[in-house]
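Lettering of chains follows the sequences in order, A, B, ..., and the numbering in each one begins at 1.
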Amino acid sequence: MAKKSSISEENLVIVESPAKAKTIEKFLGNNFLVKSSYGHIRDLAKKDFGIDIANNYLPNYVVSDDKKEVVRELKKLAKSVKTVWLASDEDREGEAIAWHLYDELGLTPENTKRIVFHEITKSAILNAVENPRDINIDLVNAQQARRVLDRLVGFELSPVLWKKVKPSLSAGRVQSVTVRLIVEREREIFAFNPKSSYRVTAVFNVTNADGRVSEMKAELSKRFATLEETEVFLNKCKGAQFKVSDITKKPLKKTPAAPFTTSTLQQEASRKLGFSVGQTMSVAQKLYEAGKITYMRTDSVNLADTALKMASEQITGVMGEEYLKIRKYQTKSKGAQEAHEAIRPTELNKPTVSGSQQEQKLYELIWKRTIASQMSDARLEKTTVQIKADGVSEHFVASGEVIQFDGFLKVYLQSSEHDGETEGEEDAGLLPPMNVGDQLMYEMIEARERWSQKPARYSEAALVKKLEDLGIGRPSTYAPTISTVQNRGYVVKEEREGKERAYRYLALKNDEIFSEQKTEITGAERNKLFPTDVGMVVNDFLMRYFPNIVSYDFTAKVEMQFDEISLGKIVWNESIDEFYKSFHQQVEETLETSERNTGERHLGEDPKTGKPVIVKIGRYGPMAQLGESSEDEEVEKPKFASLQRGQHLETITLEEAIRLFDLPRDLGLYEDKKVVVGIGRFGPYVRHDGKFVSLKKGVDDPLEIELDRAIVLIERKKKSR
DNA sequence: CAGTGAGCGAGCTTCCGCTTGACTT
């Protein structure tokens with residue numbers, strides 16, 4: 001429904017989001033016109049930092065290009081109404097938006113009111129209108145300090161990298177710590193030394209009262225460090241009489257998780273639906289714009305009273321009173337500002353929704369999580385059975401769980417913390433009935449060599465969780481930050497194939513021990529974040545010269561300052577000055593004293609020519625160099641070769657680097673024309689008769705490929721056209 | 001579609017946090 005002439009209204013309400021504006025307009029009477037500012041309308045100018053450092057860090061704000069039109073319209077409307085209601089979010093950034101609007105639209109105290117609400121419900125909006133206040137200038141100043149600090153750090157640090165590492169690179173309070181996390185995790189993995197031990201499991205036959213026999217799995221309570229110990233144990237088990245030595249039953253309670261925030265939604269959508277964080281946000285945006293869910297960029301786990309009422313009706317109506325338990329959740333995350341509700345369906349009596357498949361799936365996930373958060377605990381009984389044999393000191397343990405009341409599990413299965421793991425717990429089912437003293441025959445006892453797990457590489461969603469734990473970044477920046485570090489070439493999201501690993505396997509059956517060598521695939525990765533060479537070199541540089549900025553608690557420390565500013569206890573530009581004086585000196589000193597950092601490594605000498613072999617970051621990325629450049633015309637110029645996919649400055653060996661200079665390589669003649677293999681701008685290729693055939697990664701290695709195989713590829717290409 | 005890597009210097013790059021579309025293949 002189009003509004004009547006917009007000039008006739010007496011009140012103009014300005015919120016941040018247009019979807020929000022539409023909803024709110026319905027709650028307010030005809031006297032109110034509701035418009036959106038589309039977020040911030042101004043930002044620091046680009047040139048000269050946008051800050052007059054000598055003049056108390058006076059910010060120079062300009063209306064952003066894409067907001068000129070918005071500001072023009074708001075200005076016009078503001079003039080035509082009696083009262084302008086600034087209704088941006090109640091957090092640091094929202095308060096600043098209100099202040100920028102006030103300033104830029106030329107408002108006055110007489111015609112302006114500041115209102116806030118944390119949920120988009122009729123009662124919350126009407127209540128806000130009843131209780132206007134003034135703009136909180138201390139909170140605005142805290143935001144200015146935040147903005148100025150980020151600009152100073154980003155715009156002073158990035159140029160240092162341009163001079164010392166490579167042009168166009170970037171550094172910042174958030175992105176540089178993000179890269180650090182990934183680099184350090186990669187090095188932990190590289191340094192990790194897996195240790196093996198033997199895990200022993202057994203299958204016992206349990207005879208029921210009616211004579212039926214069922215199988216029961218049990219695990220030995222101890223792992224053995226060596227094959228010898230394992231064999232000694234299995235020998236002891238030969239002919240041993242196993243008995244049930246103990247049965248304990250313990251009640252177990254499971255509690256639902258809090259409703260979704262941006263970060264937890266990204267994590268669950270990644271685990272259960274395989275979405276990237278960017279994908280989750282754009283699908284959620286669609287649902288939000290269609291009015292199907294509440295705002296998707298939030299750090300709050302709170303639900304509006306109206307939502308609790310809807311949940312209560314839905315749960316009691318469909319599942320019964322005993323499934324209902326209304327709960328209030330508290331946020332645990334550092335620096336949460338809770339300007340919004342948790343992410344929930346706008347109407348809780350709709351378990352499904354129309355739309356694309358992705359929208360349907362994400363919506364259902366949100367619906368289930370929201371409903372489950374207001375449901376009863378699940379009650380389980382956990383049974384643990386101990387099994388022992390005379391003369392054997394170690395014992396087996398079998399455990400089972402029985403659900404006595406499913407509670408919230410009826411709608412929502414929480415996924416485990418393990419990344420990549422999908423829903424469901426261990427295969428703990430029901431145990432067959434038994435009594436202490438019962439004799440059990442073993443069907444089989446197996447021992448399998450197992451390795452300790454290396455630390456897990458970050459997925460996008462796991463990285464977001466880590467950042468949130470450290471209080472770094474905000475709901476609106478998690479997805480963009482992950483794009484930035486990839487766009488800068490610091491991080492890549494990749495698949496890695498696993499490697500084969502041999503392990504020992506022993507089995508005791510019919511009192512005989514069998515031993516076998518088996519193999520497994522280990523270390524395969526899908527959609528995980530890896531640091532690039534540039535990422536590592538930049539991180540090492542920052543760690544050496546700016547450890548304070550890339551420290552994990554830098555953000556937490558400055559946040560404490562911002563809090564003080566927002567309480568009016570300290571003056572914002574004095575706080576910035578204290579930081580900037582020493583930081584700027586640090587920048588100057590680094591520019592003067594630090595060497596160019598290209599991650600250069602001397603691998604040794606080429607045995608054929610005696611020339612040195614080095615690897616470093618060149619203009620076009622990581623490369624190897626054979627020989628040194630020299631002023632002397634007599635001396636041969638050095639040779640260069642790019643590193644291949646999967647090769648890294650830190651780990652490449654002399655032999656691998658030397659082989660890179662074998663390219664381009666003559667394979668021989670085919671149809672009287674030369675066949676040459678090399679690496680070009682677009683990767684490895686085979687050239688024949690002026691035509692190129694690309695080699696697929698992981699299929700053909702340019703260093704290994706033979707003439708026969710190359711001919712196959714050439715012929716295949718000929719046929720395909 | 002199929003290398004490049006010296007050194008100089010012009011002119012450019014760059015931050016974080018609020019919001020949506022606007023562009024196509």
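- Between A:E289 atom CD and B:dT19 atom C1' the separation is 11 Å, expressed in whole Å.
- In this structure, A:W162 forms an aromatic stack with the base of B:dT13, since both conditions hold: centre separation below 5.5 Å and plane angle below 30°.
- The distance from atom CG of A:D66 to atom P of B:dG21 is 12 Å, rounded to the nearest whole Å.
- Following rounding to the nearest Å, A:L467 (CG) and B:dC16 (C1') show an atom-to-atom distance of 13 Å.
- Using a cutoff of 4.0 Å between basic side-chain nitrogens and carboxylate oxygens, A:E605 and A:K611 are not scored as salt-bridged.
- Crowding of A:K22 atom NZ: a count of heavy atoms from other residues, nucleotides or ligands under 6.0 Å not exceeding 12.
- When heavy atoms are screened at a 4.0 angstrom cut-off, A:V174 is found touching the sugar-phosphate backbone but no base atom.
- Comparing B:dA2, B:dC15, B:dT19 against the side chain of A:F692 picks out B:dA2 as the nearest.
- One interatomic measurement links the two molecules: CZ of A:F554 to P of B:dC16, which rounds to 11 Å at whole-angstrom precision.
- Judged by closest nucleotide on DNA chain B, A:S694 is the one of A:I41 and A:S694 placed further toward the 5' end.
- A:K616 comes within 4.0 angstrom of no nucleic acid atom, judged by non-hydrogen atoms across all strands.
- A:Y38 does not qualify as a stacking partner of the B:dC18 base, lacking a centre-to-centre distance under 5.5 Å together with planes within 30°.
- Scanning atom types as modelled, one donor and one acceptor separated by under 3.5 angstrom connect the side chain of A:S642 and the base of B:dT4.
- In terms of phosphate contacts, A:R92 brings no side-chain nitrogen or oxygen within less than 4.0 Å of OP1 or OP2 of B:dC18.
- Minimum heavy-atom separation, A:D299 to A:G335: OD2-O, 4.4 Å.
- At the phosphate of B:dT13, neither OP1 nor OP2 sits under 4.0 Å from any side-chain N or O atom of A:S158.
- Atom-to-atom, CG of A:D89 to P of B:dT19 comes out at 6 Å; the value is rounded to the nearest Å.
- Side-chain to base pairing of A:S170 with B:dT14: no donor and acceptor N or O lie closer than 3.5 Å to each other.
- Within the nucleic acid shown, A:G172 comes within 4.0 Å of sugar-phosphate atoms alone, with no base atom in reach, counting heavy atoms only.
- For A:K166 and A:R146, each mapped to the nucleotide of DNA chain B holding its nearest heavy atom, the one lying further toward the 5' end belongs to A:K166.
- Between A:S36 and B:dT19 there is no side-chain polar atom (N or O) within less than 4.0 angstrom of OP1 or OP2.
- For A:F640 and B:dG5, the ring-to-base geometry does not satisfy the stacking test (centroid distance below 5.5 Å, interplanar angle below 30°).
- Here the nucleotide nearest the side chain of A:F155, chosen from B:dT13, B:dC18, B:dC15, is B:dC15.
- Spacing between atom NE2 of A:H100 and atom C1' of B:dC18 amounts to 11 Å, rounded to whole angstrom units.
- Annotation: cation-pi pair A:R544/A:F541 absent, no NZ/CZ under 6.0 Å from the ring centroid and within 45° of its normal.
- Under 4.0 Å is where a charged nitrogen must lie from a carboxylate oxygen, and between A:D150 and A:R173 at least one such pair does.
- Residue-level contact check: A:R488 touches the backbone only, with heavy atoms under 4.0 Å from sugar-phosphate atoms and none from bases.
- Here the side chain of A:E16 is nearest to one of B:dT19, B:dT13, B:dG17, namely B:dT19.
- For A:K67, the listed nucleotide lying nearest its side chain is B:dT19; candidates were B:dT19, B:dC15, B:dG3.
- Comparing the C1' positions of B:dG9 and B:dT13 gives a spacing of 16 Å, expressed to the nearest Å.
- Heavy atoms from other residues, nucleotides or ligands lying under 6.0 Å from CD of A:E671 number more than 12.
- A salt bridge does not link A:E595 with A:K164: none of the charged nitrogens is closer than 4.0 Å to a carboxylate oxygen.
- Here A:R474 does not reach the OP1 or OP2 of B:dC16: none of its side-chain N or O atoms lies under 4.0 Å away.
- Taking atom CG of residue A:D65 and atom P of nucleotide B:dC18, one finds them 21 Å apart after rounding to whole Å.
- As a whole-Å value, the separation of A:W99 CH2 from B:dG17 C1' is 16 Å.
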